[in-house]
Amino acid sequence: MEPLYEGKAKRLWATDDPNVLRMEFKNDATAFNGEKKAQFEDKGRLNNEISTLVYGMLEREGVPTHFVRRVDETHVDVRKVDIVMVEVIVRNVAAGSFCRRTGVEEGREFGQPIVEFSIKSDELGDPLVNDDYIRELGLATADELTQLRESALKVNGILIGLFRDCGLRLVDFKLEFGRPVDDPGSIVLADEISPDGCRLWDLETGEKMDKDRFRRDLGNVMEAYREVLGRLKAELG
Ligand code: TMP
């Protein structure tokens with residue numbers, strides 16, 4: 001059987017239900033738009049477990065998501081969605097491309113979260129865009145954009161608290177959204193939430209506990225992911 005879709009870190013498979021897909025977490029890691037590649041044993045399981053715990057919390061807090069059920073160590077079932085081709089990034093602390101773009105030093109805490117949008121396109125390298133670009137390109141309606149922004153800020157508030165309780169500072173993260181095929185007028189959170197797409201710093205030591213360990217060759221990449229999972233499990237059971 002062939003997957004319906006294969007991305008850099010996940011595969012999507014059909015199920016018996018036309019409205020549900022099975023999402024597989026791979027052990028592959030990439031950075032810098034796929035230029036840097038590696039495989040980490042156990043990464044798929046760790047990200048699946050982390051993402052499942054986080055999605056459970058978001059669902060309990062009333063955030064609509066694609067999550068249906070966890071299947072096994074590396075698979076979850078999710079609602080089939082038409083992915084909105086806009087990545088939504090929320091930043092609480094200066095890091096990564098924000099610092100490169102602005103010259104601001106890493107670690108500056110923002111007075112208010114920053115929401116930014118980029119086009120989801122490997123060919124273009126996920127360029128930063130604004131609302132007017134998105135409207136002109138037809139990637140989302142004005143109403144959908146409002147929903148993306150509001151949902152992203154709500155998720156940020158929930159995750160800041162969750163990770164704080166785990167002794168982690170939520171620096172920034174990327175979200176994706178989709179229109180469920182069985183309810184295309186609505187928008188749900190889709191994709192994973194894991195240290196692949198979040199920056200998490202230890203609250204006490206400042207140590208990076210996310211994919212920057214791979215991007216910057218800091219070592220102990222899976223040890224950090226395992227620690228994040230351990231703390232989430234201790235917090236959420
Ligand atoms: P950035 O500082 O490189 O723009 O990244 C901001 C956040 O978004 C960071 O937590 C990592 C995440 N991210 C992804 O999940 N996928 C991507 O392709 C990029 C560039 C960033």
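Just follow the structure's listing: the first ligand is 1, and inside any ligand the first atom is 1. A quick note: this is a predicted structure, and the numbers were derived from the prediction, not measured.
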From [atom], is the closest protein heavy-atom distance below 4.0 Å?
| atom | answer |
| --- | --- |
| atom 12 (C) of ligand 1 | yes |
| atom 19 (C) of ligand 1 | no |
| atom 6 (C) of ligand 1 | yes |

Donor-acceptor contacts under 3.5 Å from residues 78-88 side chains, at least two apart:
{"residue": "R79", "atom": "NH2", "partner": "D182", "partner atom": "OD1", "Å": "3.1"}
{"residue": "D82", "atom": "OD2", "partner": "R179", "partner atom": "NH1", "Å": "3.2"}

Query raised in the report: Which atom pair, heavy atoms only, marks the closest approach of A224 to R213?
Result: CB-CD, 3.5 Å
Atom indices of ligand 1 within 4.0 angstrom of [X] heavy atoms, with elements:
| X | value |
| --- | --- |
| C198 | 10 (O) |
| G197 | 10 (O), 12 (C), 15 (O) |
| D126 | 18 (O) |
| R215 | 11 (C) |
| G96 | 2 (O) |
| R91 | 1 (P), 2 (O), 4 (O), 6 (C) |
| F173 | 10 (O) |

Query - Atom pair CZ/CG of F163 and L200 - distance to nearest 0.5 Å - result: 5.0 Å
Report task. Show your working on side-chain hydrogen bond (donor to acceptor under 3.5 Å, both in side chains) between N33 and D126 and close with a plain yes or no. Result -> CA-CA 8 Å; N33 206 16; D126 298 343; over 6 Å; no
Requested in this report: Describe, in one word, how the ring planes of F40 and F214 are oriented to each other, choosing from parallel (under 30°), tilted (30 to 60°) and perpendicular (over 60°).
Outcome: perpendicular
Give the residue and atom name of whichever protein heavy atom lies nearest to [atom], and the separation in Å to one decimal.
| atom | result |
| --- | --- |
| atom 9 (C) of ligand 1 | D172 OD1, 3.1 Å |
| atom 4 (O) of ligand 1 | S97 OG, 2.5 Å |
| atom 3 (O) of ligand 1 | R199 NH2, 3.7 Å |
| atom 15 (O) of ligand 1 | K174 CE, 3.1 Å |

Query - Validation row, ring centre F117 to ring centre Y133 under 6.0 Å - result: no
Query raised in the report: Cationic tip of K43 within the cone over Y225's six-membered ring, i.e. under 6.0 Å and within 45° of the normal?
Result: no
Query raised in the report: Are side-chain heavy atoms of K174 and D191 found at a separation under 4.5 Å?
Result: yes
Report task. Indicate yes or no: at least one non-hydrogen side-chain atom of N92 is less than 4.5 angstrom from one of P113. Result -> yes
Query raised in the report: Quick one: does ligand 1 sit under 4.0 Å from the side chain of V171, the backbone, both or neither, non-hydrogen atoms only?
Result: neither
Show me the donor-acceptor pairs, under 3.5 Å and distance only, between side chains in residues 103-110 and residues at least two apart or in other chains.
{"residue": "E106", "atom": "OE1", "partner": "K208", "partner atom": "NZ", "Å": "2.9"}
{"residue": "E106", "atom": "OE2", "partner": "R216", "partner atom": "NH2", "Å": "2.7"}
{"residue": "E109", "atom": "OE1", "partner": "R169", "partner atom": "NH2", "Å": "2.7"}

